[in-house]
Enquirer: 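Sharing a structure with you now.
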Amino acid sequence: GYMYRGERIPHLKGRYVFGDYRYRTGGTIHSAWPTPDGWQMEEGLCIGSEAICPGGVGLEDSVLSFGQDSDGELYILTVGQKQQWAPRHKKGKVLRIVPPGDGLTSSTSSPPTTLPTTTTAPPPASVFVSGPDTGIVYVNNDVTITAGTTVEFQMGQLHNLRQSAADASCDAVANGEEVDFGATKRVTFNTPGVFYYFCDPHCAFGMHGKITIVPASG
């Protein structure tokens, strides 16, 4: 399976999506995510239509593998399970996971090519804020820096970072700073003030922080 990093299915953001092969009965899809009391799992997901998941749970075919495109959307490789050990077994499919009601769609085309863009990298960082997968708290989550300081944000596979307008808020600022799951980003803070941030899937568990920017002396 894969950690879901796409945008089409918001409630799966930050969850690990995986499946069971299940010979003769059709494969099943599950998701799991960490909580303060350990991992929780949602079993038997039907991310799609009744035509793909008969009865609402399970796929028509068996699950062989998963794939992920450049946008973080997930794909499932299946094999026809009713005749798979016969000399001329039933063919499988490549399915894209989409929101409930849309159906898992068969994909025959290659993902779109993303053209490279030229960007100017910020200067080397002197302060580091991280979201490691070993917990649900940011490391260095309350720091004070001077204006002009560059901060490097390092996210684990289970966490992201989004800017908020107030301390401990779980509401993102429109067009604010963001760091995706598993990504690293450097930001230079030139204006005095307070930068608040939170983790999408774990804000309710207290995963948030702030950076106070004070004027540079002299």
Side-chain angles (χ1 to χ4, degrees), residues 1-50 52-79 81 92-105 107 111 129-139 141 153-162 170-172 178-184 197-209:
Y2 281 89
M3 187 68 61
Y4 183 73
R5 300 172 185 158
E7 299 294 338
R8 299 192 66 184
I9 315 174
H11 90 275
L12 284 184
K13 193 87 169 181
R15 294 190 183 188
Y16 184 74
V17 179
F18 60 103
D20 285 337
Y21 177 82
R22 294 218 177 174
Y23 173 54
R24 293 190 182 279
T25 59
T28 53
I29 307 170
H30 316 293
S31 72
W33 65 97
T35 72
D37 299 320
W39 284 80
Q40 291 193 7
M41 186 167 79
E42 185 177 5
E43 299 184 69
L45 296 178
C46 181
I47 317 271
S49 69
E50 281 286 311
I52 297 296
C53 300
V57 177
L59 299 173
E60 178 185 7
D61 297 330
S62 298
V63 176
L64 284 183
S65 185
F66 285 76
Q68 186 179 57
D69 64 20
S70 59
D71 294 323
E73 302 299 335
L74 298 184
Y75 296 76
I76 304 170
L77 175 64
T78 69
V79 63
Q81 47 87 22
K93 305 181 183 73
V94 176
L95 303 171
R96 183 176 63 216
I97 297 180
V98 296
D102 287 356
L104 277 76
T105 58
S107 175
V129 174
S130 62
D133 291 338
T134 52
I136 52 174
V137 62
Y138 290 110
V139 175
N141 62 1
F153 297 99
Q154 305 168 337
M155 297 299 107
Q157 299 298 319
L158 302 178
H159 306 301
N160 72 336
L161 182 147
R162 300 183 72 187
C170 297
D171 295 322
E178 295 187 12
V179 186
D180 205 358
F181 295 88
T184 296
Y197 58 89
F198 68 96
C199 174
D200 263 324
H202 305 117
C203 184
F205 301 105
M207 192 165 182
H208 42 71

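This is a predicted model, so every value here is computed, not measured.
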Enquirer: Roughly how far apart are Q40 CD and S31 OG, rounded to 0.5 Å?
Expert: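 Here the interatomic distance stands at 10.0 Å.
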
Enquirer: What closest approach, in Å, do C203 and H208 show between heavy atoms, and which atom pair accounts for it?
Expert: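 Looks like O-CD2, 4.1 Å.
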
Enquirer: Could you measure the distance from the CZ atom of F66 to the OH atom of Y75? Nearest 0.5 Å is fine.
Expert: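 It is 14.0 Å, given to the nearest 0.5 Å.
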
Enquirer: Can you list everything that forms a ring-ring contact (aromatic ring centres under 6.0 Å, His included) with Y197? Sequence neighbours excluded, please.
Expert: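 Partners of Y197 by the ring-ring contact (aromatic ring centres under 6.0 Å, His included) criterion, ordered by chain and then number, come out as Y138, F195.
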
Enquirer: Check whether any side-chain N or O of D71 sits under 3.5 Å from a backbone N or O of E73 as a donor-acceptor pair, and report yes or no.
Expert: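 Judged by distance alone, no pair lies under 3.5 Å.
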
Enquirer: Any idea how H159 and H202 line up, ring-wise: parallel (<30°), tilted (30 to 60°), or perpendicular (>60°)?
Expert: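 The rings of H159 and H202 stand perpendicular, inter-plane angle above 60°.
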
Enquirer: Could you check if a side-chain atom of M155 sits within less than 4.5 angstrom of a side-chain atom of D180, using non-hydrogen atoms only?
Expert: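 Result no, sub-4.5 Å side-chain heavy-atom pair not found.
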
Enquirer: Determine the minimum heavy-atom distance between A204 and C170, stating which atoms define it.
Expert: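 Reported closest heavy-atom pair: N-SG, 4.2 Å.
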
Enquirer: Y4 and V17: which non-hydrogen atoms are nearest, and at how many Å?
Expert: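 For Y4 versus V17, the nearest heavy atoms are CB-CG2, 4.1 Å.
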
Enquirer: Kindly compute the distance separating CG (L161) from CD (Q154), expressed to the nearest 0.5 Å.
Expert: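 The distance works out to 12.0 Å.
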
Enquirer: Please report the shortest heavy-atom distance between V137 and P132, naming the atom on each side.
Expert: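 Nearest pair, atom of V137 first, then P132: O-CD, 4.0 Å.
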
Enquirer: Distance-only, no hydrogens or angles: does the E178 side chain make a donor-acceptor pair with backbone N or O of N160 under 3.5 Å?
Expert: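 Looks like no, no N/O pair under 3.5 Å.
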
Enquirer: Can you name the closest pair of heavy atoms from A32 and F18 and give their distance?
Expert: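 Smallest interatomic distance, heavy atoms only, reads CB-CE2, 4.0 Å.
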
